[in-house]
Visitor: 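Sharing a structure here in structure tokens format.
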Amino acid sequence: MNRKRTQKILDILQDAYPQAGTRLNFQSPFQLLVAVVLSAQSTDEQVNQVTKRLFSQYSTPQGMAYLPMEELQELIKGVGLFRNKARHIKALSEILIEKYGGEVPHTFEELIELPGVGRKSANVVMAVGFGLPGLGVDTHVHRVSNRLGLVDAKQPHQTEAGLKAQIPRQRWGQAHHLLISHGRAVCKARSPQCSFCPLESMCPKNID
DNA sequence: ATCCCGAGGG
DNA sequence: CCCTCTGGAT
């Protein structure tokens, strides 16, 4: 809707969170992909704790594809949804080996076809892993964008479309991280800290 | 719409 | 106890 307002909001958030960026630890696109799959409904700290042990033993598609399911489950237990995630990581590793020569594909269309990889994860791998245009909409991005009136969306994919339509591609990755930082620190799901919000005067939720 | 599902916070 | 955390598949 209002591109100018959105730009201004991003500028203010950039000043408030100058170091916004991913907190997931990884050393390759494949490790990032695994970390992102593990991050569903889990905190980044839980994921980093698990991947520290996992990647020290297995850090390639080959290592994970041939790992027995039970062992992989044991290694990633500690994040929620671990049975599904173990299955997806093993399956996507096999596909990377068979179809992509053990590499992580560089297009959104290919990434989203991988098991356990939806729009959010594919967008994050694009932006964070390859520096290509991608704007992942997670729970924070969805909540904050709607509260601020950047979009009026019930579904995350609607939020993604709305944000992409009013933010320059070059700024998608940055916007993703800024909205997450703000969602974590101030515009929290449970008890938002509106009195500390640099956007308080511009926010529709602020009905003083 | 429902299921998966550990850990931390209030 | 209930809610939330960088969701995705069925």
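Here is how names work: the chains are called A, B, and so on, in the same order as the sequence lines, proteins then strands, and each is numbered from 1. The shown structure was predicted, so the numbers you read here are calculated from the model rather than taken from an experiment.
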Visitor: For A/R184, which contact category applies under a 4.0 Å heavy-atom criterion: base, sugar-phosphate, or nothing?
Guide: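 Counting heavy atoms under 4.0 Å across all strands, the contact made by A/R184 includes a base.
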Visitor: Would you mind classifying the nucleic acid contact of A/P156 as base, sugar-phosphate or nothing, using non-hydrogen atoms under 4.0 angstrom?
Guide: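 Contact class for A/P156: none.
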Visitor: Tell me which nucleotide among C/dT6, C/dT4, C/dG7 gets nearest to the side chain of A/R190.
Guide: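 Given the options C/dT6, C/dT4, C/dG7, the side chain of A/R190 is closest to C/dT4.
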Visitor: Identify whether any heavy atom of A/G116 sits under 4.0 Å from a base atom; if not, whether one sits that close to sugar-phosphate; answer base, sugar-phosphate or nothing.
Guide: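 If one applies the 4.0 Å heavy-atom cut-off, A/G116 turns out to touch the sugar-phosphate alone, with no base involved.
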Visitor: Which nucleotide in the list C/dG7, B/dG6, C/dT6 gets nearest to the side chain of A/T22?
Guide: C/dT6
Visitor: In whole angstroms, how far is the P atom of B/dC5 from the NZ atom of A/K77?
Guide: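 So the NZ-P distance, A/K77 to B/dC5, works out to 10 Å.
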Visitor: On a whole-Å scale, what distance lies between the P atoms belonging to C/dT6 and B/dA1?
Guide: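 Those two atoms are separated by 25 Å.
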Visitor: A/Q166 and A/R5: side-chain donor and acceptor closer than 3.5 Å?
Guide: no
Visitor: Can you give me the closest heavy-atom contact between A/S93 and A/I89, atom names plus distance?
Guide: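 Shortest heavy-atom separation between A/S93 and A/I89 comes out as OG-O, 2.7 Å.
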Visitor: Take the protein atom CG of A/N123 and the nucleotide atom C1' of C/dG8, then report the distance between them rounded to whole Å.
Guide: 14 Å
Visitor: At less than 4.0 Å, is any side-chain N or O atom of A/S121 found next to OP1 or OP2 of C/dG8? Yes or no.
Guide: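 The answer is yes; a side-chain N or O of A/S121 sits under 4.0 Å from OP1 or OP2.
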Visitor: Expressed as a whole number of angstroms, how long is the span from A/Q46:CD to C/dG7:P?
Guide: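 So the two atoms are 11 Å apart, to the nearest Å.
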Visitor: CE of A/M202 to SG of A/C197: how many Å apart, nearest 0.5 Å?
Guide: 10.0 Å
Visitor: Look at the side chain of A/T139 and decide which nucleotide, out of C/dT6, C/dT4, C/dG7, has an atom nearest to it.
Guide: C/dG7
Visitor: Determine, step by step, whether A/Q31 and A/S28 satisfy the side chain to side chain donor-acceptor pair (under 3.5 Å) criterion, reporting the C-alpha distance in whole Å, the side-chain angles of both residues, the deciding distance to 0.1 Å, and the verdict.
Guide: CA-CA 5 Å; A/Q31 289 189 1; A/S28 67; 4.5 Å; no
Visitor: To the nearest 0.5 Å, what is the distance between NZ (A/K120) and CG (A/D138)?
Guide: 6.0 Å
Visitor: Closer to the 5' end of DNA chain C via nearest nucleotide, is it A/T43 or A/H88?
Guide: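 Nearest nucleotide further toward 5': that of A/T43.
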Visitor: Relative to the 5' end of DNA chain C, which residue comes earlier, A/I112 or A/H177, by the nucleotide with the nearest heavy atom?
Guide: A/H177
Visitor: Considering only the C1' atoms, how many Å lie between C/dT10 and B/dG6, rounded to the nearest integer?
Guide: 22 Å
Visitor: Take atom NE2 of A/H157 and atom P of C/dG7, then tell me their distance rounded to the nearest Å.
Guide: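 Checked: the NE2 to P distance equals 17 Å.
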Visitor: For A/K85 and B/dC4, what is the distance between atoms NZ and P respectively, to the nearest whole Å?
Guide: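 Going from NZ in A/K85 over to P in B/dC4 covers 14 Å.
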Visitor: Using a 4.0 Å heavy-atom cut-off across all strands, classify A/R83 as base, sugar-phosphate, or nothing.
Guide: sugar-phosphate
Visitor: With heavy atoms under 4.0 Å as the rule, sort A/V117 into base, sugar-phosphate or nothing.
Guide: sugar-phosphate
Visitor: Side-chain heavy atoms nearer than 4.5 Å, only ILVMFWY residues, links allowed to pass through others: does that put A/V124 and A/V50 together?
Guide: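 Shared cluster, yes.
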Visitor: Where the side chain of A/S39 is concerned, which of B/dG6, C/dG7, C/dT6 is the nearest nucleotide?
Guide: C/dT6
Visitor: In whole angstrom, what separates A/N25's CG from C/dT6's C1'?
Guide: 14 Å
Visitor: When all nucleic acid strands are considered with a 4.0 Å heavy-atom cut-off, which category describes A/L179: base, sugar-phosphate, or nothing?
Guide: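 Nothing, no heavy atom under 4.0 Å.
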Visitor: What is the distance, to the nearest angstrom, from the CZ atom on A/F82 to the C1' atom on C/dG7?
Guide: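 Going from A/F82 (CZ) to C/dG7 (C1'), I get 17 Å.
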Visitor: Ignoring backbone atoms, establish whether A/H176 has a side-chain N or O less than 4.0 Å from OP1 or OP2 of C/dT6.
Guide: no
Visitor: If the cut-off is 4.0 Å, is A/R143 near the phosphate of C/dC5, judged by side-chain N/O to OP1 or OP2?
Guide: yes
Visitor: Nearest whole Å is fine: how far is C/dG8 C1' from A/Q41 CD?
Guide: 9 Å
Visitor: Contact class for A/S191 (heavy atom, under 4.0 Å): base, sugar-phosphate, or nothing?
Guide: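 Nothing, no nucleic acid heavy atom in range.
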